[in-house]
Colleague: 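One structure follows; several queries about it will come next.
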Amino acid sequence: MGHSARYNVLGSVSLTLSLIMTGCSQSVSVPQDSTSSSVSSPHAANFTTYSAETFFDTTSISGNSFSADGSKILISSDESGIFSLYEVAVKTGEKTRLTHFDDSTYAVRYFPDDDRLLFTKDSGGNERYHIYVRETDGTVKDLTPGEETRAGFIGFTRDDQHFYITSNQRDPQFMDLYQVDTDDYTMTPVYRNQQGLDVGAISPDGRYIALYKQNTNRDSDTFILDTRTRSLKPQQISQYDKPVQFYPETFSRDGRFLYYSTNAESEFLEIWKYELATGKHSPAVQDEWDVSFIYFSDTGRYQVSGVNADASTKVTITDTQTDQRLHLPALPDGDLSSISFSDDEQTLSFYLNADTSPSNLYVWDIGSAQARALTSTLSEEVNRDVLVESAIVRFNSFDGMSIPGVLYKPKQASADNPVPALVWVHGGPGGQSRTGYSATQQYLLNHGYAIFAVNNRGSSGYGKTFYHLDDKKHGTDDLQDIVWGKKYLQTLDWVDNDKIGIMGGSYGGFMTAAALAFEPEEFEAGINVFGVTNWVRTLESIPPWWESFKKALYDEMGDPATDGKRHRAISPLFHADQITKPLMVIQGANDPRVLQVESDELVEAVKANGVPVTYVLFDDEGHGFSKKENRITAAKAYVTFLDTYLKGL
């Protein structure tokens with residue numbers, strides 16, 4: 001996703017992650033089987049439907065760091081039921097589990113010269129992530145202790161003697177920069193953030209720090225801080241008399257250039273480079289879509305860049321010595337991500353993900369005839385032929401604007417056998433529904449529900465004009481795009497026109513509740529996952545570490561000091577008496593973004609209407625989930641709810 005969404009701090013809740021049911025205002029009967037079954041009909045002969053246990057036997061993995069000797073790769077995997085650290089042997093694919101916490105742990109990387117490693121972990125989903133080091137003997141040390149501390153990893157210096165982290169331990173509102181000694185972990189302050197200038201990149205020798213400031217939701221600036229000067233005053237390098245975005249990406253390995261993303265000269269984000277010695281700006285990577293990222297291998301020989309091409313990622317690897325594109329061997333269809341190089345740059349590893357295949361880790365000896373898959377994350381019980389590939393489609397909304405979306409047609413669906421459908425709304429504001437594997441979506445599709453993931457106006461990935469069309473129009477124009485997405489579904493002969501629901505997480509949860517409140521006759525049922533229902537409270541109770549982005553959030557959503565009336569007008573909670581269709585509400589007790597009280601109040605208000613409400617509260621989760629057993633519980637609850645109120649079973 002392009003950086004136009006960096007400040008969309010509500011984020012997107014992944015509905016493929018886990019849920020834990022601790023209380024419901026209405027009982028939910030969920031099947032307990034763990035096997036598949038064949039469903040035979042004139043429309044779907046011998047079609048196999050799978051249980052939630054089977055679908056969520058899929059393993060989710062992330063992280064990709066070679067060990068110093070290149071023999072192992074550090075990843076995070078939830079094969080144990082919760083995300084833990086594993087090292088994967090490059091030659092055999094054998095995995096060894098390294099952490100055993102009750103909370104999920106996420107891989108950062110190995111140390112450059114030994115098998116020590118860094119990882120992050122929060123507590124119960126509170127999003128106060130700390131940086132931890134795991135020693136070679138297995139002992140673990142929290143480098144950023146403190147109940148209110150939130151920290152992030154930046155990178156190692158070129159000489160491998162130090163690494164950099166950001167932390168709000170001095171001031172909860174701002175992330176300061178610290179240098180950490182790799183031997184004794186002594187932390188030395190490097191940059192005190194008192195102006196809301198956040199760290200974007202650090203030159204390999206540590207001399208230059210690239211900072212950025214989000215001025216508004218349309219405008220950001222980039223600064224260079226030379227740590228060798230006495231003034232220590234950041235110098236602004238983004239000089240435009242119009243609002244444009246400037247975000248630092250990375251420095252060249254020789255420290256001569258800063259690469260940054262900007263939409264100053266285009267409708268889309270491009271990568272430009274700034275020569276520190278001369279102050280010259282020049283284009284580096286341009287495309288007809290957003291250029292999402294750029295980075296380099298350790299020596300700088302290989303440049304990796306990615307483009308967000310119509311909701312899919314297209315990656316290019318360039319050999320900077322020859323200026324030629326590196327051609328990978330034949331691979332299954334899908335998107336590449338998280339490309340990493342071994343220390344000698346003879347081997348690279350990457351993930352490959354597709355609609356019908358969850359992410360798998362591959363390694364490739366550069367120049368060899370084929371790449372090797374080190375993992376096989378799809379359940380062995382699932383026949384890939386029953387999985388559904390998406391199609392990118394567009395429809396005209398209420399004002400004639402073309403709106404894109406990702407459409408999934410169940411294998412059972414036909415003109416003779418129309419199926420119920422869900423309009424799926426992404427998080428944000430400013431997120432994007434993209435192609436790729438989702439166990440939750442495939443489970444719903446397998447059980448006969450079409451899915452249309454609408455990228456309403458205000459979504460990222462389609463240019464800055466489209467992105468800003470919903471500014472201070474949330475719950476109005478963007479909601480109409482969702483409604484017209486439903487109307488598009490009704491033009492398809494394989495969709496049951498009278499059985500269309502809506503489902504979304506985070507901002508998508510707000511849109512779900514808003515659709516039921518403000519367009520009460522459009523959708524037959526809704527599933528609101530961690531959705532904002534009271535914008536007045538949410539915008540007044542944002543976590544302190546959002547301070548740098550608060551102005552941008554207010555530019556998009558409105559300032560509580562001046563827009564309180566509009567916030568109340570678009571908040572479903574204050575219009576819950578208009579909700580007449582069945583509602584499911586999902587909430588995490590530890591959610592720092594959407595407080596539990598919002599969902600509590602919405603559930604009580606809708607119940608007062610005599611409307612069926614299913615409330616699922618997660619007592620050990622925040623704004624997103626991590627436990628596999630709870631994904632299974634959630635998936636069953638979704639299907640039970642939809643079978644009841646869409647299929648009428």
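In what follows, residues are counted from 1 in the order of the sequence shown.
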Colleague: If I compare all heavy atoms of R325 with all of V315, which pair ends up nearest, and what's the gap?
Modeller: NH2-O, 3.7 Å
Colleague: Could you report the tightest heavy-atom contact between G430 and S460, atom names first, then the distance?
Modeller: O-OG, 3.1 Å
Colleague: Say whether H162 and T182, considering side chains only, have a donor N or O and an acceptor N or O under 3.5 Å apart.
Modeller: no
Colleague: Assess whether side chain to side chain contact (heavy atoms under 4.5 Å, CB included) is satisfied between F293 and I271, documenting all intermediate values.
Modeller: CA-CA 8 Å; F293 59 83; I271 301 294; over 6 Å; no
Colleague: Considering only heavy atoms from C-beta outward, does the side chain of I73 approach that of V363 to under 4.5 Å?
Modeller: yes
Colleague: How about F350 and F341: are their ring centres within less than 6.0 Å of each other?
Modeller: no
Colleague: Could you tell me which non-hydrogen atom of Y247 sits nearest to which non-hydrogen atom of S220, and how far apart they are?
Modeller: CZ-OG, 3.7 Å
Colleague: Could you check R158 against S203 for side-chain hydrogen bond (donor to acceptor under 3.5 Å, both in side chains), going step by step and ending with a plain yes or no?
Modeller: CA-CA 9 Å; R158 185 162 51 201; S203 63; over 6 Å; no
Colleague: Below 4.5 Å, heavy atoms only, C-beta onward: do T120 and V108 meet side chain to side chain?
Modeller: yes
Colleague: Taking the side chain as every heavy atom from C-beta outward, state whether Y274 and Y259 have any atom pair closer than 4.5 Å.
Modeller: no
Colleague: Within the 4.5 Å heavy-atom criterion, are V88 and V90 side-chain neighbours or not?
Modeller: no
Colleague: Do Y191 and Y178 have ring centroids that are under 6.0 Å from one another?
Modeller: no
Colleague: Any salt bridge between D114 and R116, counting N to O under 4.0 Å?
Modeller: yes
Colleague: Passes side chain to side chain contact (heavy atoms under 4.5 Å, CB included), Y129 versus R150? Steps please.
Modeller: CA-CA 5 Å; Y129 289 97; R150 177 180 167 94; 4.2 Å; yes
Colleague: What closest approach, in Å, do G300 and E345 show between heavy atoms, and which atom pair accounts for it?
Modeller: N-OE2, 4.3 Å
Colleague: Any idea which heavy atoms bring L85 and T99 closest together, and the distance?
Modeller: N-OG1, 2.9 Å
Colleague: Contact between F66 and S340 at the side-chain level, heavy atoms closer than 4.5 Å - yes or no?
Modeller: yes
Colleague: What is the ring orientation for F246 with Y240, classed by angle as parallel under 30°, tilted 30 to 60°, or perpendicular over 60°?
Modeller: tilted
Colleague: Is it the case that K95 places NZ or CZ above or below the six-membered ring of Y86, under 6.0 angstrom from the centre and within 45 degrees of the axis?
Modeller: no
Colleague: Among pairs that include at least one residue of residues 302-317, which meet salt bridge (Lys or Arg N to Asp or Glu O under 4.0 Å), considering only residues two or more places apart or in two chains?
Modeller: D310-R394
Colleague: Any chance CD of E389 has more than 12 other-residue heavy atoms, nucleotides or ligands included, within less than 6.0 Å?
Modeller: no
Colleague: Aromatic ring centroids of Y106 and F83 under 6.0 Å?
Modeller: yes
Colleague: Which heavy atom of P234 sits nearest a heavy atom of L211, and at what distance?
Modeller: CG-CD1, 3.9 Å
Colleague: Quick check: do R134 and F119 have side-chain heavy atoms less than 4.5 Å from each other?
Modeller: yes
Colleague: Does a donor on one side chain sit under 3.5 Å from an acceptor on the other, for Q324 and T318?
Modeller: no
Colleague: With a sphere of 6.0 Å drawn around CD of Q286, does it hold more than 12 non-hydrogen atoms of other residues, nucleotides or ligands?
Modeller: yes
Colleague: Would you say the side chains of T59 and E79 form a donor-acceptor pair under 3.5 Å?
Modeller: no
Colleague: Between Q236 and D221, do the side chains contain an N or O donor and an N or O acceptor separated by less than 3.5 Å?
Modeller: yes
Colleague: Answer yes or no: is there a side-chain heavy-atom contact under 4.5 Å between Q303 and Y295?
Modeller: no
Colleague: Using a 6.0 Å distance limit plus a 45 degree cone around the ring axis, check whether R253 lies over the aromatic ring of F296.
Modeller: no
Colleague: Could you tell me how the ring of Y462 sits relative to the ring of F466: parallel (under 30°), tilted (30 to 60°) or perpendicular (over 60°)?
Modeller: perpendicular
Colleague: Would you mind checking if K72 and D115 are paired as a salt bridge, meaning a charged N to carboxylate O distance below 4.0 Å?
Modeller: yes
Colleague: Does the distance from a Lys or Arg side-chain N to an Asp or Glu carboxylate O, for D198 and K213, drop under 4.0 Å?
Modeller: no
Colleague: Tell me yes or no: between the side chains of N456 and D470, is some donor less than 3.5 Å from an acceptor?
Modeller: no
Colleague: With distance as the sole test, does K464 use its side chain to make a donor-acceptor pair with the main-chain N or O of S266 at under 3.5 Å?
Modeller: yes
Colleague: Might you work through the ring pair (Phe, Tyr, Trp, His ring centres under 6.0 Å) test for Y260 and Y212, ending with a clear yes or no?
Modeller: CA-CA 10 Å; Y260 62 89; Y212 69 95; over 10 Å; no
Colleague: Any chance the side chains of Y164 and Q179 put a donor and an acceptor closer than 3.5 Å?
Modeller: yes
Colleague: Apply side chain to side chain contact (heavy atoms under 4.5 Å, CB included) to R457 and S397, showing your working.
Modeller: CA-CA 10 Å; R457 68 192 67 198; S397 190; 3.8 Å; yes
Colleague: Is a side-chain N or O of T144 found less than 3.5 angstrom from the main chain of I131, in a donor-acceptor match?
Modeller: yes
Colleague: Apply side-chain hydrogen bond (donor to acceptor under 3.5 Å, both in side chains) to the pair S292 and N308, showing each step before the final yes or no.
Modeller: CA-CA 6 Å; S292 302; N308 180 2; 4.9 Å; no
Colleague: Are R218 and D555 within salt-bridge range, i.e. N to O under 4.0 Å?
Modeller: no
Colleague: Apply the test ring pair (Phe, Tyr, Trp, His ring centres under 6.0 Å) to residues F395 and F452: give CA-CA distance (whole Å), side-chain angles for both, the deciding distance (0.1 Å), then the verdict.
Modeller: CA-CA 12 Å; F395 63 91; F452 188 26; 5.8 Å; yes
Colleague: Assess the side chains of S312 and T435: does a donor N or O sit below 3.5 Å from an acceptor N or O?
Modeller: yes
Colleague: Dump the intermediate steps for side chain to side chain contact (heavy atoms under 4.5 Å, CB included) on T356 and V388, then the final yes or no.
Modeller: CA-CA 6 Å; T356 58; V388 177; 5.9 Å; no
Colleague: Between D478 and M511, is any pair of side-chain heavy atoms under 4.5 Å apart?
Modeller: yes
